[in-house]
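Everything below concerns the one structure shown next.
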Amino acid sequence: MNHIYKLHARLLKTGHHNHPLALRRLLLSCAASAPASLSYARSIFDLIAFPDTFAFNTIIRAHADSSPSFSLSLFSKMAMAGVSPDHFTFPFVLKACARLQTGLDLHSLLFKLGFDSDVYVQNGLIHFYGCCGFLDFALKVFEEMPERDLVSWSSMIACFAKNGFGYEALALFQRMQLVGTVKPDEVIVLSVVSAISILGDLELGKWIRGFISRNGLEFTVSLGTALVDMFSRCGCIEESMRVFDEMGERNVLTWTALINGLAVHGRSAEALRMFYEMRNHGFQPDHVTFTGVLVACSHGGLVSEGWHVFESIRNEYGMEPLPEHYGCMVDLLGRAGLLNEACKFVDGMPIRPNSIIWRTLLGACVNHNYIELAEKVKEKINELDSYHDGDYVLLSNVYGGVGRWAEKAGVRNSMREKRISKKPGCSLINVNHLIHEFVAGDNNHPQFESIREFLVSMIDSLKVVGYTPDISNVLFDIEEEEKESTLGYHSEKLAVAFALLCFKDSRTIRVMKNLRICHDCHCFMKYASDVFEREIIIRDRNRFHHFSKGSCSCRDYW
DNA sequence: TAGGTACCAG
């Protein structure tokens with residue numbers, strides 16, 4: 001900002017401060033320093049009697065990121081003033097539209113005006129469609145481009161990553177390298193790291209790290225932070241810690257990434273230690289940091305520490321707790337079996353509890369067999385959002401936990417009436433650089449028969465040492481023997497059986513699952529880690545479970 | 001004549 005004031009002062013001194021060229025120069029300087037200089041930029045823009053395309057472009061650009069609605073209002077004003085847009089205008093307008101996820105008619109307008117063949121405009125369109133979730137449109141623009149620059153590839157890869165299509169992002173990155181016309185930079189690699197985080201594939205994680213150093217890419221704070229997060233999501237918190245230790249410069253996001261990683265890996269005490277160490281290094285925690293610390297307390301059963309951290313948000317840091325912090329507290333109390341306290345906490349919340357808060361409480365009811373409370377909580381959820389399949393599964397599990405099969409069947413009927421189906425469990429595993437997908441109850445894998453046979457023999461050998469299949473979590477009221485075989489087909493069991501068949505050495509088995517692991521599978525994995533002398537790491541929807549020598553890192557507290 | 005797009009991490 002200082003250089004703008006100096007420039008303005010010089011213009012005032014020489015009497016050129018109202019000269020159109022001087023105003024343009026000032027406006028440009030302000031636009032380059034956005035968002036700090038936005039109000040100043042607006043006042044200069046207002047001084048220009050007849051703003052031309054360049055002036056409009058500059059002011060639209062300056063607001064595209066931080067005040068996208070204002071950018072769009074300026075674009076309308078531009079049209080009303082009869083000032084024509086040019087090929088510079090649209091990338092800025094598209095950026096604003098991407099932020100607001102609006103403006104689907106823009107493509108036809110710029111097509112009509114003949115700006116659709118400009119690479120910057122096309123890149124803007126890819127980014128815009130990607131942000132709005134219209135991947136097909138983004139891909140169409142990308143594929144039809146006669147020439148692509150680094151930003152075109154980067155935009156399309158980011159589109160895939162942002163929308164959860166990890167493999168597609170990686171495949172495109174590979175295609176880009178095969179085409180070989182552009183050289184990857186730190187920006188594009190950040191999207192690739194994010195794609196690998198979605199997949200949770202450690203082999204790929206190690207590869208991208210090597211790629212970064214082989215290609216001499218600058219190890220920026222954001223790239224380092226993304227790697228800390230990625231390794232944690234790939235199930236290797238040790239590697240996250242190594243990257244963290246090697247980073248010369250860190251910021252609050254880096255510390256938070258590590259704290260969150262430690263929390264979901266069940267290393268609660270270390271997460272708390274890092275939180276206090278971070279403060280000693282002079283970094284102020286933000287809302288995300290607090291969420292990580294509270295998750296650590298919750299998963300570690302650290303009730304009093306959790307209370308202390310929660311209260312410090314307001315008392316020490318002067319921040320207002322967000323709904324997710326209240327959610328963490330409900331989880332903390334509920335997990336610890338303090339259901340009455342959890343209810344009191346929800347009743348005393350200064351904000352209206354959302355369905356997530358109630359759902360958290362419902363989960364606690366399942367873990368501690370609080371049937372009446374679960375029924376009341378489910379009613380509360382129904383008032384807010386009655387179509388969430390997971391809630392029915394939880395309620396069904398409460399009834400199953402105490403053998404109330406008639407009520408359990410009632411839950412099934414109610415799901416049928418509302419046409420709600422249970423999302424199938426799905427587990428992924430990397431075997432010899434190939435990802436295998438297992439879906440509960442699905443026998444499409446080419447080696448399904450041998451996997452199933454091996455799984456049956458596994459279950460038999462685990463039963464010998466004390467494993468008893470727990471049938472209470474099976475959703476429907478079916479015969480006992482059938483229930484047992486339904487459990488036998490849970491996707492994570494199939495994935496682990498497959499890994500044991502494939503891996504002849506003693507390497508760690510790593511599985512990624514879309515839903516929470518059930519009690520029976522959790523018990524099965526503990527026995528399997530002992531009997532087969534294997535470390536098994538499962539990433540479920542909430543956290544990581546490290547099974548080793550008959551026990552789990554979550555200490556059965558998840 | 002100037003001005004441009006992607007990533008922006010937790």
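Sequence lines set the chain letters: A, B, ... in the order given, protein chains first and strands last, and positions in each chain run from 1. The figures that follow rest on heavy atoms only: side chains count, while hydrogens, waters and symmetry mates do not.
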For nucleotides 5-10 of chain B, just jot down a letter per nucleotide in 5' to 3' order: B, S or -, based on protein non-hydrogen atoms under 4.0 Å. BBB-BB
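Residue pairs that meet the ring pair (Phe, Tyr, Trp, His ring centres under 6.0 Å) test with at least one member in residues 217-247 of chain A, sequence neighbours left out, are A/Phe244-A/Trp255. Applying the salt bridge (charged side-chain N to carboxylate O under 4.0 Å, His left out) test to pairs two or more places apart or on separate chains, those with a residue in residues 203-217 of chain A are A/Arg209-A/Glu239, A/Arg209-A/Glu246. Identified under the salt bridge (charged side-chain N to carboxylate O under 4.0 Å, His left out) test for residues 309-328 of chain A, with sequence neighbours left out: A/Arg279-A/Glu316, A/Arg314-A/Glu320.
Between the side chain of A/Asp118 and the base of B/dG4 there is at least one donor-acceptor pair of N/O atoms closer than 3.5 Å.
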When the side chains of residues 153-166 of chain A are checked against the rest of the protein, which donor-acceptor pairs come out under 3.5 Å, sequence neighbours left out?
from     : atom 1 : to       : atom 2 : distance (Å)
A/Ser155 : OG     : A/Val151 : O      : 2.6
A/Asn163 : ND2    : A/Gly130 : O      : 3.1
A/Asn163 : ND2    : A/Cys159 : O      : 2.8

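Listed by chain and number, the residues in a ring pair (Phe, Tyr, Trp, His ring centres under 6.0 Å) with A/His388 amount to none (sequence neighbours excluded).
Regarding A/Phe54, its CZ atom lies at a distance of 7 Å from the P atom of B/dG3, rounded to whole Å.
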